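Here is the structure we will look at.
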Amino acid sequence: MTMSYEVHARIDGPLVMIGFGSIGRGVLPLIERHIAFDRDAFTMIEPSGEFAGLLAERGLRHLQVALVPDNYVDVLTGLFPDGKGMLVNLSVDVDSIEVMLLCQKLGVQYIDTVVEPWPGFYFGSTLPNAERTNYPLREKVRALGRQFPGGPTAVSCCGANPGMISWLLKEALLRLAADTGVAAAPSSREAWARLSMELGVKGVHVAERDTQVSERARPPGVFVNTWSVDGLLSEGYQPAELGWGTHERRLPRDGHAFDFGAGYAIWIDRPGADTRVRSWCPGVGPQFGFVVTHNEALSIPDYYTVWDGDRPVYRPTCHYAYHPCADAILSLHEINGAGMLPEKKHILTEGEIVAGGDDLGVLLYGHAKGAMWYGSRLSCAEARELAPYQNATGMQVTSAVLAAIVWVAENPRAGFVEADEMDHARCLAVQRPYLGSIECHYTDWTPLDHRINRFAEDRDESDPWQFVNFLAD
Ligand code: NAD
């Protein structure tokens, strides 16, 4: 039986994608279902050719080339001759900021899921750790955006997280308002920030638990993950980084403020993939997560700051609390012990995964009802039924990219935006059919609860929601 799908938007002009990895392969069939585009004006730029057959069988053009500083201007300019079209960048190792700037010059709309630099930033860099964080990258994107108000829409960092998680946060705030009897109809950044303040939200974890397992045991020496291994390694070995709330009393050990920009974040002088926090997810309850740096840990505290002149009077703490799949935890443990990057890498496909799924949501804490998790709970089995070539993690990301494409097509000249600044209701309406169950869970858990035995630790008993209480090592 042939399914029919709602076509949400049309792309006028060439559609070019960069990267046909785990996310690119999942996004393509969603575009074919839900977006009207000219197939003759489609190009996939992908250097490895590993999945070229999938493009050939669809009759779609494949440009097998690696974009590098010397060729990206010529390659991309040649693909957008008429000052229109859309570029969806789902690659690693291609500098997002350079490509965003080029798109403004070419009159082309742009979407990516992460601010990616050219190779050399993440590993083997001579930069001090403070400059290998995402804060300067994001500040650069925002500064560039200010040069192009009303330019072709350029969406920075819109996958699941960063991306969808900002839309779920808005739904979560409205739900918390309804459940606590607070009237809420925010329609501006300032109003959303004031609502979060009024609700007493001290912090937001992007709380994720990936429970997907393969039927094959992970071979020693192979780094296994459910999405880009390169992506996880890159961000995991940047310093830990988090949005810094106004309720926080003291920096964690090795924590540092930034000395430029609006100062909404701090960084910790240790790798995010080796920095554990106590967090909470439905299904498992209390768990450890890693404070892997992410754009949403910066955009959310920036967006939700309430200002009195140039003084921030309210800002929530915000960071990723990521429990990757069990094979990735073992892989991280192995490479942290070895002190070496892996030679062999493998992304688990939907065919290899025999059980589990991905719970990805926001954990809002410190408000009248303690803590609340709100997010998507999707099993790999459900993802397999919903769309081809992706596991549960991929499905949450690719459907967010689809929502971004629709929003950009409907808002063609919005200039530079992040997910916080997009219409969350419209984007979630597009994405919701692919998210499994959207659930809300309240818990009376705090990071001061649950110890197997008591040992010396840095605790602040006067306020359970201080970051030092979450930090586990
Ligand atoms: P992947 O490693 O599976 O694929 C990366 C793709 O980039 C491959 O097709 C590779 O050939 C291509 N590539 C590498 N170098 C290139 C170059 N120089 N020029 C052109 N293409 C090049 O990665 P993935 O899992 O598909 O993830 C893609 C991106 O999405 C990564 O940057 C990742 O961090 C990001 N991501 C974001 C989210 C989110 O929620 N925001 C989630 C998952 C992944």
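Keep in mind the model is a prediction, meaning the values are calculated, not measured. Order of appearance sets the numbers: ligands from 1, and atoms from 1 within every ligand.
Applying the side chain to side chain donor-acceptor pair (under 3.5 Å) test to Asp210 and every residue at least two apart in sequence or in another chain returns Gln212, Thr226, Thr393.
For the residue pair Tyr374 and Glu171, a side-chain donor N or O sits within less than 3.5 Å of a side-chain acceptor on the partner. Residues Glu208 and Tyr320 bring a donor and an acceptor atom of their side chains to less than 3.5 Å of each other. In this structure, a donor-acceptor pair under 3.5 Å is absent between the side chains of Ser437 and Arg377. Counting only N and O atoms by type, the side chains of Gln64 and His62 include no donor and acceptor under 3.5 Å apart.
Of the heavy atoms in Thr393, none comes closer than 4.0 Å to ligand 1. With a heavy-atom cut-off of 4.0 Å, Leu90 touches ligand 1 through its backbone alone. Neither the backbone nor the side chain of Arg25 comes within contact range of ligand 1; no heavy atom lies under 4.0 Å. Of all the heavy atoms of Ile23, the ones lying under 4.0 Å from any atom of ligand 1 are found in both the backbone and the side chain.
Look at Arg142 and Glu421 and you find a salt bridge, because one of the NZ, NE, NH1 or NH2 atoms lies within 4.0 Å of a carboxylate O, short of that distance. A salt bridge links Arg218 with Glu334: the closest approach of a Lys/Arg side-chain nitrogen to an acidic carboxylate oxygen falls below 4.0 angstrom.
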Could you walk me through whether Tyr264 and Tyr135 pass the ring-ring contact (aromatic ring centres under 6.0 Å, His included) test, one step at a time?
CA-CA 9 Å; Tyr264 45 79; Tyr135 184 89; 4.9 Å; yes
Could you please spell out the steps behind the ring-ring contact (aromatic ring centres under 6.0 Å, His included) verdict for Phe470 and His205?
CA-CA 10 Å; Phe470 289 100; His205 283 184; 4.7 Å; yes
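Ranking the protein heavy atoms by distance from atom 2 (O) of ligand 1 puts Ser228 OG, 2.9 Å first. Looking only at protein heavy atoms, the nearest one to atom 36 (N) of ligand 1 is Thr113 OG1, 3.6 Å. Remark: minimum distance from atom 38 (C) of ligand 1 to any protein heavy atom is reached at Val397 CG1, 3.9 Å. For atom 3 (O) of ligand 1, the nearest protein heavy atom (residue, atom name, distance) is Ser22 N, 3.0 Å. The shortest contact between atom 43 (C) of ligand 1 and any protein heavy atom is with Trp227 CE3, 3.6 Å. For atom 21 (N) of ligand 1, the nearest protein heavy atom (residue, atom name, distance) is Pro47 CD, 3.3 Å. Scanning the protein heavy atoms around atom 4 (O) of ligand 1, the nearest turns out to be Gly21 CA, 3.3 Å. The protein heavy atom nearest to atom 9 (O) of ligand 1 is Glu46 OE2, 2.7 Å.
Taking each heavy atom of Ile353 and Ala355 in turn, the nearest pair found is CG2-O, 3.4 Å.
Using the six-membered ring where Trp is involved, His319 and Phe467 have ring planes that are perpendicular, over 60° apart on the 30 and 60° scheme.
Taking only nitrogen or oxygen atoms, main chain and side chain alike, Ile45 does not reach within less than 3.5 Å of ligand 1. For Asp230, no nitrogen or oxygen atom sits less than 3.5 Å from a nitrogen or oxygen atom of ligand 1, counting backbone and side chain alike. Checked by distance only, ligand 1 and Phe20 come closer than 3.5 Å through their nitrogen or oxygen atoms. Where the criterion is an N or O separation shorter than 3.5 Å, residue side chain and backbone included, Val65 fails it with respect to ligand 1.
Comparing Asp93, Asn89, Val94, Leu232 against atom 17 (C) of ligand 1, the shortest heavy-atom distance belongs to Val94. With Ile18, Val229, Val115, Asn71 as candidates, the residue nearest to atom 20 (C) of ligand 1 on a non-hydrogen basis is Ile18. Across the listed options Leu67, Leu63, Val92, Val92 owns the non-hydrogen atom lying nearest to atom 16 (C) of ligand 1.
With a 6.0 Å cutoff to the six-membered ring centre and a 45° limit on the axis angle, Arg25 counts as a cation-pi contact of Phe51.
Legend: salt bridge (Lys or Arg N to Asp or Glu O under 4.0 Å) pairs involving residues 88-114, not counting sequence neighbours: none detected.
Short contacts between ligand 1 and Val114, defined as distances under 4.0 Å to a heavy atom of the residue, involve ligand atoms 32 (O). Against a heavy-atom cut-off of under 4.0 Å, Asn161 is close to the following atoms of ligand 1: 39 (C), 40 (O), 41 (N). Which parts of ligand 1 touch Ile347 is read off a 4.0 Å heavy-atom cut-off, strictly below it: atoms 3 (O). Numbered from 1 in the order shown, with element, the atoms of ligand 1 that lie under 4.0 Å from a heavy atom of Glu116 read 32 (O). Listed by atom number, the atoms of ligand 1 under 4.0 Å from Gly159 heavy atoms are 39 (C), 40 (O), 41 (N).
At least one side-chain heavy atom of Cys325 sits under 4.5 Å from a side-chain heavy atom of Asn225.
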